[in-house]
Amino acid sequence: MDRRIQKTRNAIIEAFVDLMAEKNFEQITINEIAERANVNRGTIYLHYVDKHDLLEQCIEMHLDQLFQKCPPGGDTDSFSSKDAMLRMFEYLEQNALFYSTILTNKGIPAFRKRLLDMATNSLNEQIYKGNIHQNIRNEVLVQFLASAGVGVIEWWITNSMPYPAKDMVEEFWQLLDRFQI
């Protein structure tokens with residue numbers, strides 16, 4: 001992608017996230033985004049259909065990057081490697097503004113569901129391939145782990161990340177070990 005186009009898109013996304021930190025999604029206008037990003041209103045429409053499309057693409061981009069940091073598999077037989085999990089938590093730290101804004105903005109209730117869906121899909125692949133825990137139905141295990149994982153991440157982010165990423169990974173890993181996952 002052309003560097004100028006990427007620079008413009010980044011400015012639009014940054015302005016959009018900044019505005020979401022200040023007010024609910026439904027109150028934000030394209031004019032406000034354009035003014036904050038220092039671009040014309042028409043420039044936004046060259047890249048996005050409307051603010052809902054901007055939100056969708058923004059969420060998709062961040063979630064894709066998040067899950068690229070913690071790919072399925074890893075070096076161990078458990079559901080993911082500790083290093084991959086640490087990279088994911090560090091990515092969350094580096095992008096704290098976006099994730100805390102999106103999780104706390106009352107106009108975006110679907111974000112948590114998208115995060116949960118992505119976690120569920122990723123875990124499904126890993127658990128069904130590895131047949132990790134034979135005493136529990138796979139679909140129950142997937143729902144448990146996805147809900148727990150997303151819940152812990154959501155708690156950590158919305159509470160201003162009270163513990164460093166490394167500590168969170170250690171705590172999470174101990175929980176997984178306790179359940180022999």
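Along the sequence shown, the residues carry numbers beginning at 1.
Using a 4.5 Å heavy-atom threshold, the side chains of Asn24 and Gln27 count as touching. Asp18 is not listed as a side-chain neighbour of Thr101, based on a closest heavy-atom distance of 4.5 Å or more. Looking at heavy atoms from C-beta onward, Ile30 lies in side-chain contact with Tyr45 at the 4.5 angstrom threshold. Thr158 has its side chain out of reach of Ser100: every pair of non-hydrogen atoms, C-beta onward, lies at least 4.5 Å apart. Considering only heavy atoms from C-beta on, Gln57 comes within 4.5 Å of Arg9 through its side chain.
Taking all atoms of both residues into account, the shortest heavy-atom contact from Phe16 to Lys51 is CZ-O, 4.2 Å. Closest non-hydrogen pair, Ala21 versus Leu97, comes out as CB-CD1, 4.4 Å. Nearest approach of Met85 to Phe172, heavy atoms of both residues: SD-CD2, 3.5 Å. Heavy atoms only, all atoms of each residue included: Ala15 and Ala37 are closest at CB-N, 3.6 Å.
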Could you walk me through whether Leu145 and Leu176 pass side-chain contact (heavy atoms from CB on, under 4.5 Å), step by step?
-> CA-CA 9 Å; Leu145 290 173; Leu176 293 173; 3.8 Å; yes
Derivation and outcome, side-chain contact (heavy atoms from CB on, under 4.5 Å), residues Leu141 and Leu123 = CA-CA 9 Å; Leu141 182 60; Leu123 285 165; over 6 Å; no
Checking side-chain contact (heavy atoms from CB on, under 4.5 Å) for the pair Tyr99/Ile153: CA distance, chi angles, key distance, verdict?
-> CA-CA 10 Å; Tyr99 286 103; Ile153 288 169; over 6 Å; no
Show your working on side-chain contact (heavy atoms from CB on, under 4.5 Å) between His47 and Ile5 and close with a plain yes or no.
-> CA-CA 9 Å; His47 298 279; Ile5 292 171; 3.6 Å; yes
Please assess Gln68 against Asp64 for the test side-chain hydrogen bond (donor to acceptor under 3.5 Å, both in side chains), listing each intermediate value before the final yes or no.
-> CA-CA 6 Å; Gln68 287 174 9; Asp64 285 348; 5.7 Å; no
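Note that CG of Leu86 is 11.0 Å distant from CH2 of Trp173, once rounded to the nearest 0.5 Å. Atom-to-atom distance recorded for Asn138:CG and Asn124:CG is 8.0 Å, nearest 0.5 angstrom. Atoms OG1 and CD1, from Thr43 and Ile12 in turn, are 6.5 Å apart once rounded to the nearest 0.5 Å. Atoms CG and CD, from Leu19 and Glu35 in turn, are 9.5 Å apart once rounded to the nearest 0.5 Å. Of the inter-residue distances, the one linking Ile44 atom CD1 with Asn31 atom CG reads 8.0 Å to the nearest 0.5 angstrom. The CZ atom of Phe144 lies 15.5 Å from the CD atom of Glu139; values are rounded to the nearest 0.5 Å.
The side-chain contact (heavy atoms from CB on, under 4.5 Å) with Tyr48 is formed by just one residue from the set Ile13, Leu55, Ile33; it is Ile13.
Aromatic ring pairs are classed by plane angle as parallel below 30°, tilted from 30° to 60° and perpendicular above 60°; the pair His62 and Tyr91 is tilted.
Salt-bridge formation is detected for the pair Glu22/Arg36: a Lys NZ or Arg NE/NH1/NH2 atom is positioned less than 4.0 Å from an Asp or Glu carboxylate oxygen. A salt bridge does not link Arg87 with Asp83: none of the charged nitrogens is closer than 4.0 Å to a carboxylate oxygen.
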Counting only pairs under 3.5 Å, give me each side-chain donor-acceptor contact of residues 159-171, with atom names and distances, residues two or more places apart or in other chains.
from, atom 1, to, atom 2, distance (Å)
Asn159, ND2, Trp155, O, 2.8
Glu170, OE1, Lys82, NZ, 3.2
Glu170, OE2, Lys82, NZ, 3.1

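Within a 6.0 Å sphere centred on CG of Asn38, heavy atoms belonging to other residues, nucleotides or ligands number 12 at most. Atom CD of Glu14 is surrounded by 12 or fewer heavy atoms from other residues, nucleotides or ligands within 6.0 Å.
In this structure a side-chain-to-backbone donor-acceptor pair under 3.5 Å is present from Asp2 to Arg4. With Gln143 contributing its side chain and Val140 its backbone, the two residues share no donor-acceptor pair below 3.5 Å.
Linking Ile, Leu, Val, Met, Phe, Trp and Tyr whenever their side-chain heavy atoms come within less than 4.5 Å puts Phe25 and Met61 in one cluster.
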